[in-house]
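The chains referred to below are lettered A, B, ... by the order of the sequence lines, with proteins before strands, and numbering in each begins at 1. Every heavy atom of this structure was used, including side-chain atoms; hydrogens, water molecules and symmetry mates were not.
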Number of protein chains: 2
Amino acid sequence: MQFTAPTIPPFDHNAANNARNRQNNLTKPTSSLGRLEEISIQIAGIQGTMLPSVNKKAVIIMAADHGVTNEDVSAYPSDVTSQMVMNFLHGKAAINAISRYADANVRIIDIGVNYDFYDAVGLENHKIAKGTSNMTEGPAMTAEQTLKAFRIGYAIAEEEAQVGTKLIAMGEMGIGNTTASSAIISCITGLPVSTVTGRGTGIDNNGLTRKITAIEKAIEINQPDISDALDVLSKVGGLEIAGLVGVILGAAANRIAVVVDGLISSAAALIAYEIHPEVRLYLLAGHQSVEVGQKAVMDRLGLKPILDLNLRLGEGTGAALAFNIIDCACRTLCEMATFTEAGVNTQW
Amino acid sequence: MQFTAPTIPPFDHNAANNARNRQNNLTKPTSSLGRLEEISIQIAGIQGTMLPSVNKKAVIIMAADHGVTNEDVSAYPSDVTSQMVMNFLHGKAAINAISRYADANVRIIDIGVNYDFYDAVGLENHKIAKGTSNMTEGPAMTAEQTLKAFRIGYAIAEEEAQVGTKLIAMGEMGIGNTTASSAIISCITGLPVSTVTGRGTGIDNNGLTRKITAIEKAIEINQPDISDALDVLSKVGGLEIAGLVGVILGAAANRIAVVVDGLISSAAALIAYEIHPEVRLYLLAGHQSVEVGQKAVMDRLGLKPILDLNLRLGEGTGAALAFNIIDCACRTLCEMATFTEAGVNTQW
């Protein structure tokens with residue numbers, strides 16, 4: 001697919017090294033803050049400063065429906081997508097509660113839900129279509145739809161950059177989207193469909209078989225060009241996934257750190273990485289998913305989830321929970337005294 | 001040792017069951033919030049309400065020195081204890097930065113530091129002695145000192161109850177205190193000293209051998225009565241550990257949830273559990289320690305750490321980091337809509 005990848009500024013290794021040196025001089029035994037040190041050093045390199053801050057945070061939830069749900073691949077009907085969007089708007093879903101605690105702004109984007117929301121308060125209407133086409137019968141999206149969704153996500157990240165957001169969590173809602181995500185991951189990694197496909201919101205054994213069969217059929221009928229990530233995204237992906245790819249690349253282009261959540265945002269991260277490998281250094285993984293396909297992405301991108309709390313909800317909940325850890329990581333780097341400042345006489 | 005264990009109110013299984021039922025009716029697939037659900041249900045049982053809140057939090061840091069440091073068991077000199085206490089008071093240590101993020105009050109208690117702080121602002125002076133005696137030559141503490149330290153901790157927990165604190169993290173500072181903690185854990189669990197002894201702040205191989213030898217010698221010379229947890233605490237423990245035992249039991253007596261941190265607070269939790277097994281249901285484990293002895297305590301008490309971020313700092317940092325997860329757990333339980341409230345038509 002014809003597409004010019006956006007420019008991503010190089011990760012600032014100098015700032016990261018300065019942060020590492022500072023960590024080694026803070027009042028604690030060397031490396032005793034473990035992952036917090038690594039996270040703070042990464043954010044320093046992303047922001048290009050030894051003293052990074054992530055005090056302004058946002059959760060971007062992209063919502064869309066999936067034609068492949070006609071193949072009975074999900075435990076729940078498509079209606080739940082729009083109903084959960086309303087629940088987000090009312091501030092009553094898990095992601096709302098977690099985001100309030102982390103003082104993160106939640107944006108809910110209708111990029112392709114099969115429902116007329118009319119003027120629902122708080123919803124950002126960027127509907128491209130009322131869901132994707134059934135990928136077992138042909139491409140899920142046209143090339144034009146895919147690029148449009150990408151540009152919507154990219155523009156949203158640019159808006160966040162303009163208001164000073166420093167940390168973005170990937171959120172999503174879309175019944176059927178673990179099916180699309182596993183299809184993407186299988187195509188890009190080359191792993192068998194059955195190896196990267198899980199139970200989503202909780203389908204039974206027969207459902208899992210139908211899901212795997214549907215993905216295999218979609219790949220067979222569409223023959224995505226695996227050397228072209230956008231072709232894969234277009235043929236077996238989804239509107240919200242394409243939107244998240246745009247958010248990731250738009251965030252990285254603006255030196256904003258992005259926190260990947262579960263399977264769906266991992267599939268988006270994989271596409272973004274194929275488009276522009278430098279994006280990897282702008283990504284953190286918030287939570288270990290129970291979905292098997294996520295691990296394949298983590299391995300490929302060299303990411304290690306911060307949390308492992310047995311969540312399997314999506315919405316961006318694992319990423320937003322990790323916001324707290326990432327913020328604490330930056331605060332320890334910035335707020336702790338060095339040995340000299342504290343008058344502690346021994347380099348631990 | 002003659003001692004009457006305090007009364008701990010029974011865990012409220014009715015409230016916990018109500019919380020579990022509510023979790024099952026919230027707008028998410030059943031159990032999809034994983035550990036967050038378990039945590040919220042436990043806090044409901046501790047507080048005796050279906051809708052628990054942990055909005056008021058405290059970190060209690062007990063600081064004391066250890067005579068056993070004469071055996072060269074630590075990578076750092078005893079002076080660091082008092083210097084780090086000053087660093088805490090100035091708000092410049094890791095625990096301060098993390099506690100500020102979690103909106104937790106930090107209390108610093110001198111229960112036995114070998115240093116004259118005079119009127120250092122913010123320090124609570126409950127100094128019992130200028131450190132323990134060298135346990136390789138006789139009991140670390142007298143029975144009277146042990147009970148005094150216990151009562152100080154208990155009274156502090158009661159003070160927290162009076163101001164409405166709902167969540168307490170166990171913090172500590174004391175060069176040499178991993179040696180005392182491993183000694184306690186070996187005595188109570190019956191595991192060999194070498195199995196439950198680690199490198200603390202980072203001693204080398206020779207240091208580790210000295211540390212194990214010192215613990216074995218202390219146990220040999222003192223012959224603690226392993227059926228009497230307070231005797232073990234007195235002979236091979238420490239003033240800050242005894243204080244933390246008091247905090248734990250005082251918190252549980254007042255239906256306050258306690259978050260255990262690393263090895264030292266785990267040793268305190270083990271003693272508290274031996275005194276009163278019901279305390280277990282009031283405990284959460286904040287962080288997986290790299291110290292091997294902690295796992296022995298986790299296994300014995302059936303606790304599973306919430307975080308695993310490769311921290312080995314102590315101070316209460318792992319517990320205070322987990323505050324964020326525990327708070328989010330309670331908020332999702334309280335703030336999410338049920339299916340009926342949200343108009344979501346399908347029980348996920």
Between the side chains of Ser78(B) and Thr69(B), does any donor sit under 3.5 Å from an acceptor?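 Thr69(B) and Ser78(B) do have a side-chain donor-acceptor pair below 3.5 Å.
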Within the 3.5 Å criterion, strictly below it, is a donor on Arg210(A) or Asn205(A) matched to an acceptor on the partner's side chain?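 Short answer, no.
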Most chain B-contacting option - heavy-atom pairs closer than 4.5 Å, from [options]:
options: Glu341(A), Met336(A), Arg100(A); value: Met336(A)
options: Val290(A), Ile325(A), Asn324(A), Asn310(A); value: Asn324(A)
options: Glu335(A), Lys304(A), Met86(A), His90(A); value: Glu335(A)
options: Gly314(A), Gly34(A), Ser82(A); value: Gly34(A)

Given heavy-atom pairs under 4.5 angstrom as the criterion, report whether the side chain, backbone, both or neither of Leu307(A) touches chain B.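 For Leu307(A), the side chain is the part near chain B, not the backbone.
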Tell me the closest heavy-atom pair linking Cys334(A) and Pro52(A), and the distance in Å.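 Scanning both residues, the minimum pair turns out to be SG-O, 3.2 Å.
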For a quick test of reading the model, state the closest non-hydrogen atom pair linking Val260(B) to Met298(B) and the distance between them.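 That closest heavy-atom pairing would be CG1-CE, 4.5 Å.
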Less than 4.0 angstrom from a charged side-chain N to a carboxylate O is my criterion; do Arg20(A) and Glu38(A) meet it?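 Salt bridge between Arg20(A) and Glu38(A), a charged N being under 4.0 Å from a carboxylate O: no.
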I'd like to know if Lys57(A) and Asp327(A) make a salt bridge, using a cut-off of under 4.0 Å between side-chain N and carboxylate O.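 The answer is yes: the pair qualifies as a salt bridge.
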Go through the atoms of [X] and report whether side chain, backbone, both or neither lie under 4.5 Å from a heavy atom of chain A.
X: Leu333(B); value: neither
X: Ala329(B); value: neither
X: Ser31(B); value: both

Option that, when pairs with chain A are counted at under 4.5 Å, heavy atom only, ranks first among Leu33(B), Ile95(B), Thr338(B):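 So the answer, after comparing Leu33(B), Ile95(B), Thr338(B), is Leu33(B).
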Are Lys56(A) and Leu167(A) side-chain neighbours, meaning at least one heavy-atom pair lies under 4.5 Å?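 Result no, sub-4.5 Å side-chain heavy-atom pair not found.
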